[in-house]
Amino acid sequence: MTMPAIMFVFGYAIGVFIGNQWALVPSLVVALLYAASGFFVRTSMPASDVYPRHWGSRWTGVLPVVDSGMGFEPGLRLDRWFVVIRCVFLMVVLCSCAVGCMAFAGGYGWKTWKAASVSIITPIVIVGLIIGYMGPRPWVRSEPFMPVCKQVTGVALTICSHPDDTAVRDKYTRALTSFASWFSPKWALSRQRAITVLLGNSFTSSDPNRPYNLTEAGSRMVTAGGPSVIQMHTDTVSAATIDFSDIRDLSTALIDIWLPAECAAEARRHVFDRDQLMNGADVTAFILTQLPDRMDNLAGLGHGYTLTGAARDEAARILMAMNDEQFRKFVTDHEASIGACQVSPDGVIGNAVQSDGGTR
């Protein structure tokens, strides 16, 4: 409420000075200029994985800043001193404008205009500059906390979130449970290579000596057993979460860790160049290219499309024609063979014939 009050006071003071029907025009112009000033203040993202505890633009205390640096991470709160400082600035504006109106009421002419203008502008500018350069930042991030973690059944996958982030945790628990269903219980890597997913910027440390914004017990919990730790972007954009800014980044990471298929590394580099599947490596590359989007779609978080390779021969067409459920069954039934590049194009065709009851 302070910013509308400041705009009103400015406009009222100008109206007193001018004293006629034309007061509305300059009052509106001043208010618009003041409002527009907030568009020129930007809060840049920290370049490192360390995110300050106190965050946002100090100019938010004196200007209607559009980009105040506010995120949506749990545990974020408004600094109480920032609220006090903004109210102090409002009082400075009120008092300055009152003094200006009183000075103007004493007479007319250039000297009166000058005295009134100086009495308004000088205190506001001085106090505004002090607050803008030295005042408190608006936002205070969460103190180190103990995360709430949940294990996904059947795989070595743990999801951790801030205690206040129940909705996001439930959303990603459902998604990752769906992802886990793509890995057969017989597939050892999904149980041997542990993954811990941290949800949101609340985990980003404010201390260079701490890997995460967690208590000692919380840090031990998320790093126990040496898992691959993935910090997912779910709220504030930061250097720590920018590599996993989309659900597809997460599904791709799970595939890279649990179904690396190193035998298909070369084929994956050329999957968009080759128009025919020639061997098992090509088939594996073609399958792995589709896998992230199909996993996302089946989890209900996809973009509605599936990225495929360039191949359009019979084996490729069969794989592309499968719906997501059929594709998941094919993957789980042949996981070991896919990981070892042992599913040939003829094998794909033969599997399709068998599924169709030999009608092909």
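- Residues passing the side chain to side chain donor-acceptor pair (under 3.5 Å) test with Thr196: none are found, sequence neighbours excluded.
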Phe145 and Tyr212: ring pair (Phe, Tyr, Trp, His ring centres under 6.0 Å), yes or no, with the steps? CA-CA 10 Å; Phe145 61 93; Tyr212 304 105; over 10 Å; no
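- With Ser344 contributing its side chain and Gly280 its backbone, the two residues share no donor-acceptor pair below 3.5 Å.
- Nearest approach of Ala281 to Cys263, heavy atoms of both residues: CB-O, 3.9 Å.
- With values rounded to the nearest 0.5 angstrom, Gln290 atom CD is found 7.0 Å from Met320 atom CE.
- Nearest approach of Arg58 to Ile131, heavy atoms of both residues: CB-O, 3.8 Å.
- Between Asp249 and Asp243 there is no side-chain heavy-atom pair separated by less than 4.5 Å.
- Closest heavy-atom contact between Leu319 and Phe327: O-CD1, 3.8 Å.
- The salt bridge (Lys or Arg N to Asp or Glu O under 4.0 Å) contacts involving residues 283-293 comprise Arg248-Asp293, where partners must be two or more places apart or lie in separate chains.
- No continuous path of hydrophobic side-chain contacts links Phe82 to Val140 [ILVMFWY only; heavy atoms under 4.5 Å].
- Between Thr204 and Asn213 the shortest side-chain heavy-atom distance does not fall below 4.5 Å.
- Put simply, the side chain of Gln231 never gets that close to the backbone of Val197: no donor and acceptor are under 3.5 Å apart.
- Taking Arg191 as the reference, nothing meets the salt bridge (charged side-chain N to carboxylate O under 4.0 Å, His left out) condition, with sequence neighbours excluded.
- For residues 75-85, there are no side chain to side chain donor-acceptor pair (under 3.5 Å) pairs, not counting sequence neighbours.
- In plain terms, the two heavy atoms of Ile195 and Pro227 that are nearest each other are N-CB, 4.1 Å.
- Taking all atoms of both residues into account, the shortest heavy-atom contact from His162 to Ser142 is NE2-OG, 3.2 Å.
- By the neighbour-count criterion of 12 heavy atoms within 6.0 Å, atom CE of Met146 is densely surrounded, having more than that number from other residues, nucleotides or ligands.
- The closest side-chain heavy-atom distance from Pro345 to Asp282 is not below 4.5 Å.
- Of all the heavy atoms in Leu199 and Ser202, the pair that sits closest is O-OG, 4.2 Å.
- When the side chains of ILVMFWY residues are joined at heavy-atom separations under 4.5 Å, either directly or via intervening members, Val168 and Ile159 end up in a single hydrophobic cluster.
- For the pair Arg169 and Asp165, the salt-bridge criterion is not met [side-chain N within less than 4.0 Å of a carboxylate O].
- A heavy-atom distance below 4.5 Å is found between the side chains of Arg210 and Glu216.
- No donor-acceptor pair closer than 3.5 Å links the side chain of Arg268 to the backbone N or O of Leu288.
- For the pair Leu76 and Trp55, the minimum side-chain heavy-atom distance is 4.5 Å or more.
- Taking Ile, Leu, Val, Met, Phe, Trp and Tyr as hydrophobic and joining them when side-chain heavy atoms fall under 4.5 Å apart, one finds Val148 isolated, its cluster having no other members.
- A 6.0 Å sphere centred on CG of Leu307 holds more than 12 heavy atoms belonging to other residues, nucleotides or ligands.
- With hydrogens and angles disregarded, no donor-acceptor distance shorter than 3.5 Å links the side chain of Asp296 to the backbone of Ser251.
- Residues Val237 and Ser245 are not in side-chain contact: their nearest non-hydrogen atoms beyond the backbone lie 4.5 Å or more apart.
- The side-chain heavy atoms of Ile247 and Phe179, taken from C-beta on, include a pair separated by under 4.5 Å.
- A continuous path of Ile, Leu, Val, Met, Phe, Trp and Tyr side chains, each step under 4.5 Å between heavy atoms, connects Leu254 with Val331, placing both in one hydrophobic cluster.
- Under the 3.5 Å distance criterion, the side-chain polar atoms of Ser205 are left unmatched by any main-chain donor or acceptor of Pro211.
- Contacts classified as side chain to side chain donor-acceptor pair (under 3.5 Å) and involving residues 170-185 (residues at least two apart or in different chains) are given here: Ser181-Arg328.
- Lys186 has no carboxylate O lying under 4.0 Å from a charged side-chain N of Glu335, or vice versa, which leaves the two without a salt bridge.
- Hydrophobic clustering of Ile, Leu, Val, Met, Phe, Trp and Tyr side chains at less than 4.5 Å, counting indirect connections, unites Phe330 with Trp258.
- With a 4.5 Å cut-off on side-chain heavy atoms, Asp235 and Pro74 count as touching.
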Can Glu73 and Asn201 be said to form a side-chain hydrogen bond (donor to acceptor under 3.5 Å, both in side chains), step by step? CA-CA 6 Å; Glu73 63 193 74; Asn201 191 55; 2.9 Å; yes
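- Criterion: ILVMFWY side-chain heavy atoms under 4.5 Å apart, direct or through other members. Under it, Met278 and Val283 are not part of a common hydrophobic cluster.
- With rounding to the nearest 0.5 angstrom, the OG1 atom of Thr241 is 9.0 Å from the CE atom of Met232.
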